[in-house]
> 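The structure under discussion is supplied below as structure tokens; questions concerning it will follow.
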Amino acid sequence: MGKVQNYIDDNRQRFLDELLDLLRIPSVSADPAFAGDVKKTAQAVAKSLKAAGCKNVKVNKTKGHPIVTGERIVNSKLPTVLVYGHYDVQPADPIELWDSPPFEPVIKKVRGHKQGAIFARGACDDKGQMYMHVKALEAMTKTKNVPCNIKFMIEGEEEVGSVNLEGFIKKNKKALNCDVVLVSDTSIISNKVPSITTGLRGLSYVEVEVSGANRDLHSGVYGGAVANPLNVLADMISSLKGKNGKIKIPNFYDDVLEVTKEERKAMNNAPFDIKAYKRELKINDTMGEKGYTVLEQTSIRPTLDVNGMWGGYIGEGAKTVLPAKAFAKISMRLVPNQDPDKITKLFTKHFKSLAPAGVKVKVTPHHGGEPAVTPTNTIEYKAASLAMEKTYGAEPIPQRSGGSIPIVSLFENILKVKTILMGFGLDTDDIHSPNEHFGIENYFKGISTIPYFYEYYTALKSGEKVDLSA
Ligand code: BES
Ligand code: MN
Ligand code: MN
């Protein structure tokens with residue numbers, strides 16, 4: 001493995017430049033205006049996979065954006081790892097809040113990153129983290145150090161709910177056959193405290209529409225008599241949560257798997273500085289479910305949040321209007337055992353029941369996803385843990401995350417394999433926000449750690465012991 005690290009060191013600048021090139025293509029999956037760029041990005045990923053030693057590289061067409069696949073098979077008797085990642089990115093809006101253009105990557109100094117960080121949309125989520133795997137493969141093939149079979153599946157629709165991936169996996173079950181899935185699309189606690197993500201929350205996402213009169217009205221002439229959908233919507237939304245942070249949808253918590261006292265204790269042993277947390281976010285206090293710590297509120301507890309709300313007049317100055325319609329996008333993060341479809345149904349029924357007679361309510365479900373948990377008593381977890389210990393010099397802490405990667409539960413249900421979430425980003429990297437960035441150190445730490453995962457996984461699978469000092 002020393003040769004692999006030497007190769008990475010010798011090609012450091014190129015590895016960086018290539019990622020910057022990839023970040024220059026605006027692969028925004030949500031906006032049809034970028035469809036051409038999304039396709040271009042898929043082709044660029046395919047090209048780099050080929051250059052890294054992948055065979056059978058394909059840009060698979062779907063009804064939406066393409067899925068890039070490839071493989072490096074060394075011996076059918078050896079274990080197979082499927083690498084999953086996404087090359088699509090979130091929209092850059094609000095663009096005016098970026099300090100530098102989102103698709104013109106620059107390297108700058110920033111808190112938490114001693115060696116500086118790459119600023120660009122997708123730098124961390126997930127182009128940068130996905131590309132670590134491409135470069136790790138290159139370093140392994142060029143130094144003849146590929147310990148097991150490696151397959152790649154890099155999609156372009158993760159940020160819009162992976163709508164075409166389920167069908168693709170079902171259709172290509174055989175070709176995707178593997179022993180474990182490896183994903184780098186999550187974070188570590190800090191560059192000094194490595195961690196492995198052992199859980200993801202599920203998601204139920206709905207859009208609601210409240211309508212009143214058949215047209216916008218003068219708020220003086222009609223105001224006071226006719227329902228104002230924006231007022232009503234605000235009322236309905238505020239009744240969804242109590243002051244104690246509990247969600248008031250009947251039966252919402254029925255299936256929530258309570259975490260044992262011991263687990264909660266272990267979870268709260270992870271380093272977490274509430275003062276630094278508040279300081280970094282410039283808030284005076286947090287505001288979560290009573291009886292739970294911030295670490296718990298953002299991992300083992302479900303939440304309900306309005307992601308956007310609109311209607312009426314939002315232009316310059318004042319316009320007196322009683323809007324005909326009001327809208328909101330609402331997400332519910334779910335925890336193990338909660339079923340997204342069931343939760344969406346519970347929400348819909350309850351939300352409709354809240355509507356006063358003067359309005360009509362429509363609820364439209366968007367994509368959802370199931371929660372996921374990774375056990376820590378498996379060979380694959382042990383391999384990831386040892387790999388990180390090797391490169392960080394400290395054993396990583398298992399930690400559940402609040403984010404969602406719905407596809408992970410599909411790997412379990414369809415391919416019948418577990419997923420290792422070995423991410424290298426930081427929670428403060430501003431993914432989905434203006435000024436998203438990814439630490440240079442994180443990028444290279446990822447590239448160095450991944451080959452050890454393959455080595456240790458292969459060794460442990462064949463019953464060998466791993467010697468970290470070797
Ligand atoms: N990579 C993120 C999920 C994530 C981020 C997990 C940080 C853990 C830590 C992923 O790209 C994402 O943004 N997922 C969406 C859900 C998806 C259905 C759009 C999310 O969590 O909001
Ligand atoms: Mn992601
Ligand atoms: Mn994302």
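Residues: numbered from 1 along the sequence shown.
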> According to the ring pair (Phe, Tyr, Trp, His ring centres under 6.0 Å) rule, which pairs have a member within residues 136-157, sequence neighbours left out?
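Of all non-adjacent pairs touching residues 136-157, none passes ring pair (Phe, Tyr, Trp, His ring centres under 6.0 Å).
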> Between N11 and D9, is there a donor-acceptor pair closer than 3.5 Å when you use the side chain of the first and the backbone of the second?
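A pair under 3.5 Å: no.
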> Regarding K135 and S48, do their side chains bring together a donor and an acceptor under 3.5 Å, going by distance alone?
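Judged by distance alone, the side chains do not pair up.
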> Rounded at 0.5 Å granularity, tell me how far CD1 in I196 sits from CD1 in I189.
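Reported to 0.5 Å precision, the distance equals 11.0 Å.
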> For K39, what residues pass the side chain to side chain donor-acceptor pair (under 3.5 Å) criterion, not counting sequence neighbours?
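K39 satisfies side chain to side chain donor-acceptor pair (under 3.5 Å) with no other residue.
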> Check this for me: does any side-chain nitrogen of one of E296 and R301 sit under 4.0 Å from a carboxylate oxygen of the other?
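Here E296 does not pair with R301 in a salt bridge, since their nearest N and O are not under 4.0 Å apart.
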> Run the side chain to side chain donor-acceptor pair (under 3.5 Å) test against D430 and tell me which residues pass, sequence neighbours left out.
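By the side chain to side chain donor-acceptor pair (under 3.5 Å) rule, D430 matches no residue at all.
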> Pick from V45, V57, N56: which one makes a side-chain contact (heavy atoms from CB on, under 4.5 Å) with K50?
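Among V45, V57, N56, the one that satisfies the side-chain contact (heavy atoms from CB on, under 4.5 Å) with K50 is V57.
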> State plainly whether the residues E412 and K416 are in salt-bridge range, i.e. N to O under 4.0 Å.
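Here E412 does not pair with K416 in a salt bridge, since their nearest N and O are not under 4.0 Å apart.
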> Output every pair passing ring pair (Phe, Tyr, Trp, His ring centres under 6.0 Å) with a member in residues 2-45, not counting sequence neighbours, ordered by first then second residue.
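Sorted pair list comes back empty.
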> Show every side chain to side chain donor-acceptor pair (under 3.5 Å) that has at least one partner inside residues 392-408, sequence neighbours left out.
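Pairs touching residues 392-408 that pass the test: R333-S404.
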> With a 4.0 Å cut-off, would you call E209 and K325 a salt bridge?
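K325 and E209: salt-bridged.
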> Quick one: side chain to side chain donor-acceptor pair (under 3.5 Å) partners of T449, sequence neighbours excluded?
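For T449 the side chain to side chain donor-acceptor pair (under 3.5 Å) partners, ignoring immediate neighbours, are T391.
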> To the nearest 0.5 Å, how far apart are OG in S204 and CD1 in I343?
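Nearest 0.5 Å value for the OG-CD1 distance: 7.0 Å.
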> Which residue pairs pass the salt bridge (Lys or Arg N to Asp or Glu O under 4.0 Å) test with at least one member in residues 85-98, sequence neighbours excluded?
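Every pair satisfying salt bridge (Lys or Arg N to Asp or Glu O under 4.0 Å) with a residue in residues 85-98: there are none.
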> At what distance, to the nearest 0.5 angstrom, does OG of S162 lie from CD1 of I169?
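Rounded to the nearest 0.5 Å, the OG-CD1 separation comes to 8.0 Å.
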> So which pairs with a foot in residues 394-415 pass ring pair (Phe, Tyr, Trp, His ring centres under 6.0 Å), sequence neighbours left out?
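Output for this query lists Y84-F411.
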> May I ask you to decide whether K461 forms a salt bridge with E380, counting only side-chain N to carboxylate O separations under 4.0 Å?
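The answer is no: the pair does not qualify as a salt bridge.
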> Tell me whether the NZ or CZ atom of R12 lies within the 45° cone about the ring axis of F444 and under 6.0 Å from its centre.
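Yes, a cation-pi geometry.
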> Find out whether M332 and P302 are in side-chain contact, i.e. whether some heavy atom of one side chain is under 4.5 Å from a heavy atom of the other.
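Contact flag for M332/P302 side chains = no.
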> Strictly by ring pair (Phe, Tyr, Trp, His ring centres under 6.0 Å), give each pair with a member in residues 296-316 just once, sequence neighbours left out.
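Those involving residues 296-316 are W310-F327.
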> Do E18 and Y131 have side-chain atoms, one donor and one acceptor, less than 3.5 Å apart?
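Distance-only check passes for E18 and Y131.
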> Is the backbone of I330 close enough, under 3.5 Å, to the side chain of D305 for a donor and an acceptor to pair up by distance?
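No.
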> Determine which pairs satisfy salt bridge (Lys or Arg N to Asp or Glu O under 4.0 Å) with at least one residue from residues 171-189, sequence neighbours left out, and list them in order.
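Qualifying pairs, neighbours excluded: none.
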> Is the distance between the ring centroids of Y443 and F424 under 6.0 Å?
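So the answer is no for these two rings.
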> Could you list the residues that satisfy side chain to side chain donor-acceptor pair (under 3.5 Å) with H367, not counting sequence neighbours?
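Side chain to side chain donor-acceptor pair (under 3.5 Å) check on H367 returns nothing, list empty.
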> For K58, check salt bridge (charged side-chain N to carboxylate O under 4.0 Å, His left out) against everything at least two apart and list the hits.
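K58 satisfies salt bridge (charged side-chain N to carboxylate O under 4.0 Å, His left out) with no other residue.
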> Report yes or no: do N442 and H113 form a side-chain donor-acceptor pair below 3.5 Å?
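N442 vs H113: donor-acceptor pair found between side chains.
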> Can you find a side-chain donor-acceptor pair between N149 and E71 that sits under 3.5 Å?
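No pair is found: no donor N or O on one side chain lies under 3.5 Å from an acceptor on the other.
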